[in-house]
Amino acid sequence: MGRRIIVTSALPYINGMPHLGNLVGSILPADLYSRYLKMAGIEHIFICGSDQHGTPIELSAIRNNIGPEKFADMMHARTKRALEEMECDFTYYGKTHTEENKKAVYKLFEALDRNGYICSEEAVQAYCNFDKRFVPDRMIEGRCPYCAGTHARGDQCDDCGKLLDPQEIINPKCSICGKNEIEFRSTTNLALDLPKLSDGIVGFVDRIKGNISKNALNKTTSFVELGLKPRQITRDLKWGFTVPKKGFEDKVFYVWFDAVIGYIGITNEWSAKESEAYWMGSDTELVQFMGKDNIEFHTVIWPGILIGARQGYALPARIMVYEYLNSGKMKFSKSRGNGLNIENALEVMGAEQWRFVLSYLMPETSDTELSEDLIFEIVNKIMNDKIGNLINRAIVISSRNKTLLVGESVSTEIGNKLRTVLDGYVRNFENVKMRESLRCVVELADLGNEIMSAKMPWELAKCNDAEGFSAVMNDVLHICKYVGVMLWPYAPKAGSMILQNFGIKIEPQFGMLEDSLGFIPNNEPVQLFSKIGDKERDALMGFR
RNA sequence: AGCGAGGUAGGGUAGCUAGGAGUACCCGCCGGGCUCAUAACCCGGAGACCGGUGGUUCAAAUCCACCCCUCGCUACCA
């Protein structure tokens with residue numbers, strides 16, 4: 001029985017375009033892993049999509065004078081396009097506001113309700129009499145009762161930093177309409193009864209222990225140990241899926257609830273039949289990628305939903321959590337709205353370059369720094385000078401001296417070395433250490449460059465030493481072919497371009513490395529990537 | 001404030017789970033080599049009181065305690 005894997009990336013919330021932080025922290029690693037599975041011939045699907053509900057999107061739609069569905073679909077289309085330009089190769093990139101997802105949400109909700117895991121909670125919530133709607137705490141503005149500053153919001157005072165209760169605010173105003181027609185009303189919402197699910201969740205956490213990062217495990221453990229509390233799953237809003245329960249029909253499901261269930265709903269939309277085979281399969285491994293802001297949802301709440309519903313869906317087998325990419329000067333995931341998002345990042349340089357840089361710095365174990373200088377270093381020195389130049393010099397010299405190139409076997413020494421490095425590469429991917437795998441590719445490029453310098457094939461060519469020349473260049477060309485395959489997940493176009501020199505025109509598989517070399521002389525120089533310079537630097541500076 | 005993660009040569013990292021001479025990688029710097037190649041490549045070298053203090057130990061970057069600094073989560077903004 002083979003492995004069958006569902007790879008998911010946290011669904012980007014599309015109130016704004018995803019940032020480079022969103023990309024590096026979940027979508028890109030998921031894409032790399034999925035591409036690895038493809039090369040290894042392991043059956044899998046890669047599911048992601050746009051998270052479309054929630055107050056921020058509803059408010060943005062109001063600001064843009066269009067309906068929330070229209071706005072969400074527009075943002076979805078833009079996001080999808082940008083992610084595709086980033087060469088993210090999803091099996092299916094869907095969205096949460098679909099009939100299929102609604103069905104999935106209802107199915108799980110009704111099962112949870114039937115099984116007694118839904119309770120209700122009453123709370124006081126700000127209501128704007130002008131807008132005729134409940135208003136999130138964050139949207140209440142007024143004077144701070146402690147410091148008397150005027151920048152107090154319903155959750156916290158931006159002047160003194162003190163955490164506030166919205167009812168404490170003096171002269172509260174609704175920041176949607178700007179009027180002070182706020183009153184506080186009591187409202188009852190449904191909640192997921194996590195305390196009742198506690199045993200199941202603890203058991204789940206215990207099982208997944210070895211397949212989750214240290215940060216995530218510690219956070220999860222402390223979250224559970226502090227005592228689980230019911231988590232509300234409905235809101236007094238209009239934008240979202242209406243709640244199919246008597247007395248709650250005027251409410252919608254809270255956005256996070258239909259977002260996590262979106263993994264299933266989106267797969268259903270892709271293919272109902274395949275979806276069932278994957279999600280209900282006993283040999284299915286669910287591998288989920290996300291940023292560290294998403295931990296509890298995936299390690300506690302989402303498994304809680306699946307366990308409580310008892311529908312037979314696969315629970316996560318592995319949860320990969322990424323830290324943050326920081327930048328002292330440039331803005332990434334930190335500030336919303338005006339940072340470097342994937343759309344304008346692509347205006348600065350190409351997808352392959354971003355994928356390479358972000359993979360090279362992937363924040364797997366700790367927050368990682370990204371600066372303009374580092375971007376330059378990686379693109380110019382590593383991608384171009386090491387990898388690009390090796391491929392070019394090897395192919396140019398081999399093609400120019402093709403009459404001297406006899407046989408196509410690799411030496412025992414290099415053959416062994418290649419196998420060792422490839423083993424390490426595969427092992428790193430199996431352990432989901434994509435940054436390390438990329439270092440394996442760079443290591444091979446270094447090896448190729450070292451051999452060229454040490455053996456000086458250009459001298460051998462001058463003496464017409466076909467045997468000597470072939471011995472060196474066949475080794476180097478083998479290295480190039482391995483580089484092509486191993487680079488492919490990170491930079492698919494460049495990887496494919498390398499492999500075309502070996503007659504490979506389809507997506508690579510590891511098995512192709514067992515075939516004969518198949519080098520095709522090519523008198524054109526090979527320009528895999530290009531360097532970046534002042535133009536790109538200026539463009540990057542523009543996002544400071 | 002609580003919880004979590006981190007602080008390792010000028011910059012960016014790995015090493016810490018199962019202690020063994022500061023061990024490694026990339027960039028930068030210095031010196032040399034090469035000229036097939038994208039002014040690229042190769043070799044050698046300098047450069048670190050492993051955040052601080054104390055402890056355990058024959059031995060600590062690694063384990064323990066306390067302290068300092070950075071970041072994140074604790075918000076009805078997934």
Side-chain angles (χ1 to χ4, degrees), chain A residues 10-15 22 50-57 59 96 123 125-126 134-139 153-156 163-164 166 189 213-223 225-226 232 234-237 254-260 262 290-297 323-324 326 333-334 336 360-361 364-371 373-374 376-378 380-398 400-401 435-436 439 442-443 445-446 448-454 456-462 473 476 525-531:
Chain A
L11 309 188
Y13 192 65
I14 52 155
N15 187 32
N22 301 130
S50 299
D51 183 4
Q52 295 183 296
H53 291 142
T55 315
I57 285 175
L59 296 179
T96 55
Q125 176 82 35
F134 283 95
V135 181
D137 293 351
R138 182 73 185 161
M139 308 299 296
R153 291 173 182 274
D155 50 357
Q156 182 173 23
L163 298 179
L164 300 175
N189 274 294
S213 68
K214 188 172 152 192
N215 184 3
L217 182 61
N218 288 340
K219 273 181 97 158
T220 301
T221 310
S222 78
F223 190 76
E225 277 170 3
L226 283 172
Q232 293 189 16
T234 63
R235 294 285 84 179
D236 292 288
L237 295 174
Y254 200 168
V255 53
W256 68 259
F257 188 71
D258 61 68
V260 290
M290 72 208 63
K292 65 177 164 185
D293 52 335
N294 238 323
I295 292 172
E296 291 90 343
F297 277 104
E323 306 293 315
Y324 283 129
N326 291 326
S333 47
K334 283 182 194 169
R336 288 161 179 275
Y360 199 82
L361 296 173
E364 286 174 348
T365 47
S366 63
D367 288 357
T368 298
E369 291 299 322
L370 176 66
S371 62
D373 286 343
L374 276 170
F376 274 69
E377 170 190 327
I378 294 162
N380 290 345
K381 303 298 297 183
I382 314 288
M383 285 183 86
N384 280 280
D385 291 350
K386 275 184 193 294
I387 300 174
N389 180 45
L390 169 71
I391 302 298
N392 184 46
R393 69 196 293 213
I395 286 171
V396 166
I397 194 173
S398 302
R400 247 181 238 161
N401 298 286
R435 189 177 53 189
E436 280 311 302
R439 304 299 160 112
V442 177
E443 186 187 340
D446 282 338
N449 281 319
E450 281 161 30
I451 293 172
M452 295 276 285
S453 285
M456 297 190 284
W458 52 91
E459 292 296 335
L460 300 167
K462 278 177 202 160
M473 288 319 298
V476 174
V526 186
Q527 182 80 34
L528 292 182
F529 328 99
S530 50
K531 296 199 186 186

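Here is the naming used below: chain letters follow the sequence lines, and residue numbers restart at 1 for every chain.
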Please state whether the phosphate of [N], meaning OP1 or OP2, lies under 4.0 angstrom from any side-chain nitrogen or oxygen of [X].
X: A/K531; N: B/A39; answer: no
X: A/R439; N: B/A24; answer: no
X: A/K381; N: B/U38; answer: no

Using only modelled atom types and a 3.5 angstrom limit, is any donor from either the side chain of A/R235 or the base of B/C76 paired with an acceptor on the other? yes
Would you kindly give the [atom1]-to-[atom2] distance between [X] and [N], to the nearest whole Å?
X: A/E459; N: B/A37; atom1: CD; atom2: P; answer: 13 Å
X: A/E377; N: B/A40; atom1: CD; atom2: P; answer: 14 Å
X: A/N392; N: B/U35; atom1: CG; atom2: C1'; answer: 14 Å
X: A/R393; N: B/A39; atom1: CZ; atom2: P; answer: 12 Å
X: A/L374; N: B/G12; atom1: CG; atom2: C1'; answer: 5 Å
X: A/R435; N: B/C26; atom1: CZ; atom2: P; answer: 15 Å
X: A/D446; N: B/C43; atom1: CG; atom2: P; answer: 8 Å
X: A/M452; N: B/C34; atom1: CE; atom2: P; answer: 16 Å

From [options], nucleotide with atom closest to [X] side chain:
X: A/N384; options: B/A37, B/U38, B/C42; answer: B/U38
X: A/Q125; options: B/U38, B/A40, B/C76; answer: B/C76
X: A/I382; options: B/C41, B/A37, B/C26; answer: B/C26
X: A/Y254; options: B/C36, B/C76, B/A37; answer: B/C76
X: A/R400; options: B/C43, B/C36, B/A78; answer: B/C36
X: A/N449; options: B/C42, B/G11, B/U35; answer: B/C42
X: A/Y13; options: B/A78, B/C26, B/C76; answer: B/A78
X: A/W458; options: B/C34, B/U38, B/A78; answer: B/C34
X: A/E296; options: B/A78, B/C36, B/C73; answer: B/C73
X: A/I397; options: B/G12, B/C36, B/A78; answer: B/C36

Nearest-Å distance once atom [atom1] is located in both [N] and [M]:
N: B/G47; M: B/G11; atom1: C1'; result: 13 Å
N: B/C49; M: B/C34; atom1: P; result: 37 Å
N: B/U23; M: B/C50; atom1: C1'; result: 11 Å
N: B/C73; M: B/C16; atom1: C1'; result: 24 Å
N: B/C30; M: B/A14; atom1: P; result: 28 Å
N: B/G55; M: B/A46; atom1: C1'; result: 36 Å
N: B/A9; M: B/A61; atom1: P; result: 14 Å
N: B/C68; M: B/U53; atom1: C1'; result: 10 Å

Which part of the nucleic acid, if any, lies within contact of [X], taking any heavy atom under 4.0 Å across all strands shown: a base, the sugar-phosphate backbone alone, or nothing?
X: A/P56; value: sugar-phosphate
X: A/F297; value: base
X: A/N401; value: nothing
X: A/E443; value: nothing
X: A/G54; value: nothing

So the stems of RNA chain B, runs of at least three Watson-Crick or G-U pairs (under 3.5 Å), are B:1-7 with B:68-74, B:10-14 with B:23-27, B:29-33 with B:41-45, B:51-55 with B:63-67
Donor-acceptor pair, side chain of [X] and main chain of [Y], under 3.5 angstrom:
X: A/E296; Y: A/T220; value: no
X: A/R400; Y: A/I395; value: no
X: A/N392; Y: A/V526; value: yes
X: A/N22; Y: A/P12; value: no
X: A/E443; Y: A/A445; value: no

Nearest 0.5 Å, what's the [atom1]-[atom2] distance between [X] and [Y]?
X: A/M456; Y: A/I451; atom1: CE; atom2: CD1; result: 14.0 Å
X: A/F529; Y: A/I382; atom1: CZ; atom2: CD1; result: 11.5 Å
X: A/R393; Y: A/M452; atom1: CZ; atom2: CE; result: 4.0 Å

Ring-face cation contact, A/F257 with A/R235, 6.0 Å cut, 45° max: no
Is any side-chain heavy atom of A/S50 less than 4.5 Å from a side-chain heavy atom of A/T96? no
Please compare A/F529 and A/M456 by the position of their nearest nucleotide in RNA chain B and report the one closer to 5'. A/M456
